[in-house]
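In what follows, a structure is listed as structure tokens, so that the remarks can point back to it.
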Amino acid sequence: MTHAAPVEKVMTKNWANPGQNTLEGYQRSGGYTALKTALEWAPAKVIDEVKKSNLRGRGGAGFPTGLKWSFVPKDNPKPKYLAINADESEPGTAKDRFILENDPHMLLEGIAIACWALGAHTCYIYARGEFKYPSAVLDKAIAEAYAAGIFGKKLLGKDFELNVYQVRGAGAYICGEETALLESLEGKKGWPRLKPPFPAVVGLFGCPTVVNNVETIASLPPIINQGAEWFAKLGTEKSGGTRLVTLSGCVNRPGTYEVGMHTSLRDLIYADEFGQGLPAGRMVKAVIPGGSSAPVLNAAELDTKLEFEAFKPMQSMAGSGGVIVMDDTCCMVRCLWRVARFYAEESCGQCTPCREGQPWMARLLRKIEEGLGDMDDLKTLMNVAASIAPWPPIGLGNTICALGDAGALPVQSFVTKFKDDFVKHIENKGCPHGDKPWGHFGDFV
Amino acid sequence: MPEPLFTPEEQLQFDRGIDELLTHYPPDRKSAAMLPALRHLQTLKGWLPPEGMALVAQRLGTTKERAYEVATFYVMFHTEKPGRYVIDVCTNLSCALRGAEGLLTYMEQKLGTHAGTNGDKYFLRETECLASCGTAPCLQINEDHHENLNKAKVDALLEKLK
């Protein structure tokens, strides 16, 4: 038995309550009291409180939320918008979906609080097209909020009009990138925009727009109810609160869990409360800590906290909380090839390094996996990756958006950390794992 | 005379749906409704017939070329009529580590088709991550999500499609 340090539940606290995903159920557990409090405060005080809470964006970048809000110009006469990123598509990540399914009013109350703070009268929730059920639950919750007089001409009785609309995507990973999301919301194909200007200044329809992730905004009601200091204290010095992570791959108990910022990757994988370890005889070979874009870690790097700063020394990131575990019988080349195929498929085609480079890397990996590669291919692979984004990572690479980097970093980190595995494929002219490249749980039964 | 695209009932539903969607956007930004409008059309007809896309474009004050550009960018839009059951199997890393490649092969055998081939009854496709990583493997049948799959569960699902 292995136990992790206890985690005070914030995001998942009420998920098991019957009817929690209805307005009535949400109100039974204290729903919309935070909005009432926030509406008694000046918007600036709400923003201050969010800053003090150390809330950081849960969509991948971990950017401080209050700071992001403060970039919205106060003197701009144009309308302001809030856009919620519910386009959860990063491989390994399945958390926002469960907020929509289990506690949608937590998001809606957060939206109302954020719109009040920002002076935004319209919010669009951009949900990925494949979320048929989560979107249906959310639509019902939005209708309930209108019917109860929470949204509409008045915000919970206050003279502040707020309209909230759900827009469903139609299958494009790129639309999770915030400027591609805005393009898609404007009814176009999801081609990212050059930044600056940032969306806070020039966003949707050319107006100041804040784009925030579902989990980020759903954190606002507890922050207002229990105070910024309480929330900040739950976390570490620079990352407030708790967070949702998805544990997947070769563990005994995969799933979506609420962890502390102080919870280590090792605890997530092995503790009884979470992953419950690997099957007898199996060991961790590799872990992707924050969605497939996050550089891979090896078994010696598991004692890392799941907060936003902790992965920097190993050139990786906590990202969107998608933790993918590969055991010691997994083929690193095959795993990376699958990841590379994803970025090849999802590149939007706007920038040449990404459009040409991602499929090129996928072809080279296939060649190596199938035993047809040589050492020059491995060199070419790293050169192509470097032409998209530098390694070690130093921020934005050679493309308009971070999808370029997102595809290059896995290649660079896998090849750097597991070079022997690649070389073995080349020397043996084939995959040492034969037709079992996917580890202990890789068979369909 | 070519057959009209809509029955009178469908025409009514189409118009009502577009009218409602247009209230969600500023009056000078009608074309912003493109994704929901195309989805609305696809819900009515099962796919996006060219003359339907032209109608959407007309209602949104834009060109049919713009509608087609958007329709072909997003994988969930069908610009060709798909089989009665569109089946999307995720084979991304988290699912692959839980048997997704075997699941895809199992589906191909059971349905007698190959992934990527559109047929009258089935359109089986390999798809990217569906946010079911902790509940892998998974697939969607006409957008209905099914997860934690094994052979017995898949058999039961396919039984219902007959």
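To find a chain, count down the sequence lines: A is the first, B the second, and so on, and within it residues start at 1. Keep in mind it's a predicted model, so treat the numbers as computed, not measured.
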From the list B/N150, B/L149, B/D28, the residue making the most non-hydrogen contacts under 4.5 Å with chain A is B/N150
For A/G249 and B/R98, the nearest pair of non-hydrogen atoms, with its separation, is O-NH1, 2.7 Å
(request) Check the pair A/E345 / B/E128 against side chain to side chain contact (heavy atoms under 4.5 Å, CB included), numbers first and verdict last. (result) CA-CA 9 Å; A/E345 170 69 26; B/E128 296 300 349; 3.9 Å; yes
Q) Crowded around A/R366 CZ? As in, over 12 foreign heavy atoms under 6.0 Å? A) no
| task | Please tell me if the side chains of B/L93 and A/I288 come closer than 4.5 Å, counting only heavy atoms from C-beta onward. | result | yes
Under 4.5 Å to a heavy atom of chain B? For A/I324 that would be side chain
Has A/Y165 got more than 12 heavy atoms of other residues, nucleotides or ligands less than 6.0 Å from its OH?
yes
Between B/C129 and A/S89, the two heavy atoms sitting closest are CB-O, 4.0 Å
When the 4.5 angstrom heavy-atom criterion is applied to B/D88 and chain A, the contacting part is neither
Practice problem: Assess whether atom NZ of A/K188 is packed by more than 12 heavy atoms of other residues, nucleotides or ligands within 6.0 Å. | Solution: yes
Does B/R29 make a cation-pi contact with A/F205 (under 6.0 Å, within 45 degrees of the axis)? no
One option among B/C133, B/S132, B/G102 has the most heavy-atom pairs under 4.5 Å with chain A, and it is B/C133
Turns out that what part of B/E101 lies under 4.5 Å from chain A's heavy atoms comes down to side chain
Closest heavy-atom pair, B/L130 versus A/F131, reported as atoms and distance to 0.1 Å, is O-CE2, 4.3 Å
Of B/E69, B/Q140, B/R39, B/H145, the largest count of non-hydrogen pairs under 4.5 angstrom with chain A goes to B/R39
- Task: Would you indicate whether the side-chain heavy atoms of B/M76 and A/E130 approach each other to under 4.5 Å?
- Result: yes
message: Looking at A/R355, I want to see if its CZ is surrounded by more than 12 non-hydrogen atoms of other residues, nucleotides or ligands under 6.0 Å.
response: yes
Of all heavy-atom pairs linking B/G134 and A/T246, the shortest is N-CG2, 3.7 Å
ask   = Run the side chain to side chain contact (heavy atoms under 4.5 Å, CB included) check on B/M34 and A/K189 step by step: do they pass?
value = CA-CA 10 Å; B/M34 185 59 83; A/K189 63 179 190 271; over 6 Å; no
Heavy atoms, side chains only, cut-off 4.5 Å: are A/M326 and B/L97 in contact? yes
Could you tell me if the side chain of A/T122 sits less than 4.5 Å from the side chain of B/Y25, heavy atoms only? no
The interface call for A/E346 against chain B, heavy-atom contacts under 4.5 Å, is side chain
Whatever's closer than 4.5 Å to a heavy atom in chain A on B/N142 counts as backbone
d(A/R168 CZ, B/Y74 OH) to nearest 0.5 Å is 14.0 Å
Whatever's closer than 4.5 Å to a heavy atom in chain B on A/R253 counts as neither
| When you look at CG of B/D120, are more than 12 heavy atoms from neighbouring residues, nucleotides or ligands closer to it than 6.0 Å? | no
In short, A/S248 meets B/S94 closest at the heavy-atom pair OG-OG, 2.7 Å
| Checking side chain to side chain contact (heavy atoms under 4.5 Å, CB included) for the pair B/V154/A/F444: CA distance, chi angles, key distance, verdict? | CA-CA 11 Å; B/V154 167; A/F444 184 60; 3.9 Å; yes
Checked A/S184, A/G349, A/S292 vs chain B; the most non-hydrogen pairs under 4.5 Å come from A/S184
Okay, A/V445 and chain B: the region with an atom under 4.5 Å from a heavy atom over there is backbone
Cut-off 4.5 Å, heavy atoms of chain B, and the answer for A/V325 is backbone
Okay, B/E143 and chain A: the region with an atom under 4.5 Å from a heavy atom over there is both
Turns out that what part of A/I174 lies under 4.5 Å from chain B's heavy atoms comes down to side chain
Turns out that what part of A/T256 lies under 4.5 Å from chain B's heavy atoms comes down to neither
Counting heavy-atom pairs under 4.5 Å with chain B, the top scorer among A/G255, A/G187, A/G169 is A/G187
Greatest number of non-hydrogen atom pairs under 4.5 angstrom with chain B, of A/G190, A/A172, A/C330, A/P79, falls to A/G190
Heavy-atom closest pair (B/T135 atom, A/R97 atom, distance to 0.1 Å) is OG1-NH1, 4.0 Å
* To do: Inspect the surroundings of NZ in B/K121 and state if more than 12 heavy atoms from other residues, nucleotides or ligands are less than 6.0 Å away.
  => yes
Cut-off 4.5 Å, heavy atoms of chain B, and the answer for A/N163 is neither
Honestly, the part of B/A136 sitting under 4.5 Å from a heavy atom of chain A is neither
| Hey, is NZ on B/K81 packed in by over 12 heavy atoms from elsewhere, all under 6.0 Å? | no
If one checks every heavy atom of A/Y124 against chain B at 4.5 Å, the contacting part turns out to be side chain
(request) Assess whether side chain to side chain contact (heavy atoms under 4.5 Å, CB included) is satisfied between A/F342 and B/T91, documenting all intermediate values. (result) CA-CA 10 Å; A/F342 170 74; B/T91 59; over 6 Å; no
